[in-house]
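Every chain is numbered from 1 and lettered A, B, ... according to where its sequence line falls, protein lines coming before strand lines.
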Amino acid sequence: MIEKLIIQNLQKAIKELYNHDVANNLLQVQKTRTEFVGDITIVVFPLLKISRSNPEQTATAIGDYMIKHVDDIEDYNIIKGFLNLSISDNYWKDFFVNNKSNKYFGSKEVDDNNPVVIEYSSPNTNKPLHLGHIRNNLLGWSVAEILKNNGTNVKKVNLVNDRGIHICKSMLAWKLWGNNTTPESENIKGDKFVGDYYVLFDKNNKEQIAKLVSNGVDKDEASKNTDLLKEAKSMLVKWERDDSEIRDLWTKMNSWVYSGMNATYERMGVDFNKIYYESDTYLLGKSLVEEGLTKGIFFKKEDGSVWCDLTDEGLDEKLLLRADGTSVYMTQDLGTAQLRYDDYTPSELVYVVGNEQNYHFDVLKIILKKLGKSWAEHITHLSYGMVELPHGKMKSREGTVVDADDLMDEMYNTAKSTSEELGKFNDISKEEAHNLYNMLSLGALKYFILKVDPRKTMTFNPEESIDFNGNTGPFIQYTHARIRSVLRKAEEQGLSMDITKEIIPQLDPKEKDLLKLLYEYPVITEQAANAMSPATIAGFAYDLAKEYNQFYHDLTILKEEDPNHRSFRIALSAFVATTLKSAMGLLGISVPERM
RNA sequence: GGUCCAGUAGCUCAGCUGGAUAGAGCAGCAGCCUUCUAAGCUGCGGGUCACAGGUUCGAGUCCUGUCUGGAUCACCA
């Protein structure tokens with residue numbers, strides 16, 4: 001790392017020149033902006049207080065010192081208070097030969113420390129996955145991958161919400177109107193099959209509400225008192241009592257849902273180390289509430305309900321147990337957090353959950369801290385914004401949901417028709433073409449979603465997202481395919497890409513730009529891991545692909561006259577290809593050999 | 001009303017712990033396929049970084065206030 005070397009020498013320089021120690025925050029070393037000459041820039045403004053002279057004099061003194069003491073610094077120039085240092089070709093060449101065939105370039109070996117546990121997906125079993133889940137799943141999976149790549153031991157877990165009134169609604173609707181049909185008999189994916197009954201319940205329930213209202217019942221009152229809802233509630237009670245008929249039905253319907261959801265997960269390319277089921281864990285947490293009561297952290301109201309007073313933290317009072325002693329969401333989550341801790345003693349507990357639950361997680365952390373759980377400090381809520389559609393919001397109640405499978409189908413079809421229009425895959429087998437359409441459509445979708453900062457609510461425009469131009473997954477995939485094509489042809493022609501530092505010619509600016517970008521990859525992956533940000537990786541991959549495309553268009557790599565130069569450019573291309581592949585892999589996007 | 005988050009080109013988004021003339025893509029216009037894949041490349045136009053103050057050598061970035069949008073403050077999960 002040349003930056004470190006420069007910082008060390010900068011410290012020494014200031015000591016020698018001005019006889020002064022400097023605080024680290026005054027040592028500002030950054031890469032030089034492309035429009036200026038040089039590679040690394042030292043900002044001298046902060047040092048003026050120490051040097052007690054003007055920016056030019058200070059920069060000149062430091063620049064001279066650097067040239068004298070750091071071998072790889074050849075030259076410098078000064079613009080205002082910026083000292084731009086030029087690094088020798090030699091340094092870049094060394095970097096290139098040392099890393100070009102390093103399989104682990106930009107990644108670290110996974111340690112066996114306490115794992116980071118990352119929970120994501122967390123579906124309900126009454127509805128298929130939709131666009132919001134896609135963002136969740138892609139984020140969770142990618143963040144896990146980025147952390148692993150950075151040497152962190154990671155466990156991916158999923159908490160399936162498989163019980164509750166919503167499941168009972170689907171169950172009841174199927175019992176009433178399902179006529180013993182099954183997903184197989186109707187030839188429908190299991191999760192959709194069950195979801196359809198949930199919708200059917202809702203539709204009929206609304207009719208019953210309307211009827212009650214027209215009979216003069218208050219609307220709130222009516223929505224709580226339909227026959228359907230009462231029946232569903234009684235099913236829930238029976239479920240909790242372990243009623244065998246209800247339990248059997250529940251098991252059957254959930255199994256349909258799982259087979260459907262697993263297919264969607266598989267298609268999306270996400271997976272888990274462990275799946276938790278709420279039916280197993282929903283009673284946890286009550287003992288924590290007891291603990292809090294005895295410690296005097298929680299209090300009981302007259303009706304018997306248990307609360308935690310958070311007004312000191314600027315929040316409200318939070319209910320933890322209902323008057324009838326049953327638990328609420330927070331109680332369960334306290335319990336599952338404890339369970340997660342007991343199972344893994346994680347170094348960090350990450351929840352990928354939408355930002356509508358920010359408050360919930362603030363409260364969760366505070367309560368755990370009050371209970372004396374020091375590990376609550378290590379809970380991270382990886383909060384992401386809602387996915388909106390051009391015309392409205394993405395909420396399941398409002399009926400404008402985009403189903404995850406449908407969306408992937410749509411992307412697939414567009415990939416197919418676009419490719420056919422361009423006459424891309426005329427000469428390959430149907431099966432190969434199918435794989436490519438899959439790769440491209442998923443690449444487009446994943447890249448489009450992951451390139452956006454998770455915190456922001458994003459607009460998903462299905463039409464624009466399938467635009468394969470510009471800053472998109474397919475653009476990067478295309479770049480990779482072209483490089484692979486060059487490499488194939490080089491191999492066919494028996495061209496050498498075996499290269500040593502000695503035979504690399506002088507670097508031209510384009511080559512240097514590419515090398516500088518590649519050089520950043522290890523730093524980028526580390527940054528991305530610290531910030532848990534796939535968007536950082538996506539930005540890098542795009543920059544690299546774009547830079548390579550410009551390089552590619554300026555040159556005819558295979559026809560280069562100087563064999564050394566040709567070998568170097570081929571090898572450089574190969575280095576770019578593997579780096580692109582690795583970066584895209586962190587986003588869960590595979591990259592084709594040809595397209 | 002309280003709390004949290006966001007506001008950057010017509011649109012979708014970048015902008016690392018404060019640094020140089022705020023960047024891409026899309027859309028628009030103009031060029032480039034006898035040369036390794038044109039899903040590409042090159043050029044042009046497009047901005048009071050919501051607004052107003054402040055902090056300092058220097059602010060899209062930090063602080064305060066205002067405006068706008070969203071989320072949340074349930075004995076729902």
Side-chain angles (χ1 to χ4, degrees), chain A residues 25 28 30-33 35-36 41 43 45-46 48-49 55 79-82 84 122 124 161 163-166 278 282 301 303 305-307 313-324 326-330 332-333 354-360 362-363 383 385-386 388 390 393 415 418-419 421-422 424 440 444 448 451-453 455-461 464-465 467-472 474-475 477-479 481-490 493 523-524 527 530-531 533 535-536 538-539 542-543 546 549-550 552-560 569-570 573 594-595:
Chain A
N25 59 4
Q28 295 193 31
Q30 54 198 242
K31 57 179 183 177
T32 303
R33 296 180 58 144
E35 58 271 30
F36 299 101
T41 295
V43 185
F45 287 115
L48 299 181
K49 280 179 200 153
I79 297 170
K80 297 187 204 166
F82 299 91
N84 301 322
S122 316
N124 289 351
N161 183 10
R163 64 135 235 133
I165 189 72
H166 45 293
E278 227 171 76
Y282 79 105
K301 287 196 178 172
D303 62 0
S305 56
V306 179
W307 298 73
E313 276 80 10
L315 305 173
D316 297 326
E317 291 180 348
K318 184 73 193 173
L319 177 80
L320 295 172
L321 278 183
R322 296 190 185 97
D324 62 7
T326 55
S327 57
V328 292
Y329 180 41
M330 181 58 73
Q332 295 180 38
D333 253 17
N355 62 9
E356 70 272 12
Q357 292 196 33
N358 286 354
Y359 179 77
H360 173 78
D362 287 347
V363 172
S383 160
M386 215 188 312
E388 289 180 353
K393 313 239 176 62
T418 308
S419 303
E421 265 170 44
L422 292 164
K424 278 284 174 182
L440 291 171
F448 189 90
K451 75 174 178 182
V452 181
D453 179 349
R455 287 173 306 168
K456 290 190 173 172
T457 52
M458 64 177 292
T459 307
F460 183 83
N461 184 330
E464 275 179 27
S465 75
D467 190 347
F468 290 82
N469 295 310
N471 186 357
T472 63
F475 168 75
Q477 291 172 313
Y478 175 60
T479 306
R482 282 212 296 212
I483 300 175
R484 297 299 306 166
S485 172
V486 167
L487 298 177
R488 271 195 306 276
K489 292 199 167 142
Q493 295 172 28
V523 181
I524 294 282
Q527 270 177 16
N530 291 336
S533 160
T536 304
Y542 178 65
D543 285 347
K546 199 178 152 125
N549 262 291
Q550 290 166 4
Y552 180 95
H553 277 272
D554 284 354
L555 308 163
T556 47
I557 297 164
L558 297 176
K559 301 204 167 136
E560 177 67 44
R569 283 180 174 156
I570 294 170
S573 298
R594 67 189 80 225
M595 68 180 269

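If you measure from atom CD of Gln357(A) to atom C1' of C76(B), you get 11 Å, rounded to the nearest angstrom. Rounded to an integer number of Å, the gap from CG of Asn471(A) to P of G15(B) is 12 Å. In this structure, CD of Glu356(A) is placed 13 Å from C1' of C76(B), rounded to the nearest angstrom. Lys546(A) places its NZ atom 10 Å from the C1' atom of G23(B), with the value rounded to the nearest Å. Rounded to an integer number of Å, the gap from Glu388(A) CD to U12(B) P is 10 Å. The interatomic distance linking Asn549(A) (CG) with U42(B) (P) rounds to 9 Å, in whole Å. Between the CG atom of Leu321(A) and the P atom of C76(B) there is a distance of 13 Å, given to the nearest Å. Note: OH (Tyr282(A)) to C1' (C76(B)) measures 16 Å, nearest angstrom.
When both distances must be under 3.5 Å, the Watson-Crick or G-U wobble mate of C33(B) does not exist. In this structure U3(B) sits in a base pair with A71(B), meeting the Watson-Crick or G-U test at under 3.5 Å.
Side-chain nitrogen and oxygen atoms of Lys489(A) include at least one within less than 4.0 Å of the OP1 or OP2 phosphate oxygen of U37(B). Proximity of Arg482(A) to the phosphate of C36(B): no side-chain N or O atom is located under 4.0 Å from OP1 or OP2. In this model, the phosphate group of U17(B) is not approached by any side-chain N or O of Gln28(A) to a distance below 4.0 Å at OP1 or OP2.
Closest approach of Phe468(A) and Ala415(A) over heavy atoms only: CZ-CA, 3.8 Å. Of all the heavy atoms in Leu319(A) and Trp307(A), the pair that sits closest is N-CE3, 3.4 Å. The minimum heavy-atom distance linking Ala323(A) with Asp303(A) is given by the pair CB-O, 3.4 Å. Here the shortest heavy-atom pairing between Pro46(A) and Val43(A) reads CD-O, 3.4 Å.
In this pair, Tyr478(A) does not lay its aromatic ring on the base of G40(B); centres under 5.5 Å and planes under 30 degrees do not both hold. Residue Phe475(A) and nucleotide A39(B) are not classified as a stacked aromatic pair, given the requirement of ring centres less than 5.5 Å apart at an interplanar angle below 30°. By the 5.5 Å and 30° criteria, Tyr542(A) is not stacked with the base of A24(B).
Look at the P atom in both G2(B) and U66(B): the space between them is 9 Å, to the nearest Å. Atom P of G58(B) sits at a distance of 24 Å from the matching atom of G65(B), rounded to the whole Å. Taking atom P on both C62(B) and C49(B), the two are 16 Å apart, rounded to the nearest angstrom.
No donor-acceptor pair under 3.5 Å is formed between the side chain of Arg455(A) and the backbone N or O of Gly385(A).
Side-chain atoms of Thr457(A) stay outside donor-acceptor range of the base of A71(B), with no qualifying N/O pair under 3.5 Å. For a distance-only test at 3.5 Å, the side chain of Ser419(A) qualifies as a donor-acceptor partner of the base of A39(B). Checked by distance alone, Asn469(A) brings no side-chain donor or acceptor within 3.5 Å of a matching partner on the base of A38(B).
In this pair, Phe45(A) and Phe82(A) present their aromatic rings perpendicular. The plane angle is above 60°, beyond the 30 to 60° band.
Classified by its glycosidic torsion, C33(B) falls in the syn category, the angle being within 90° of 0.
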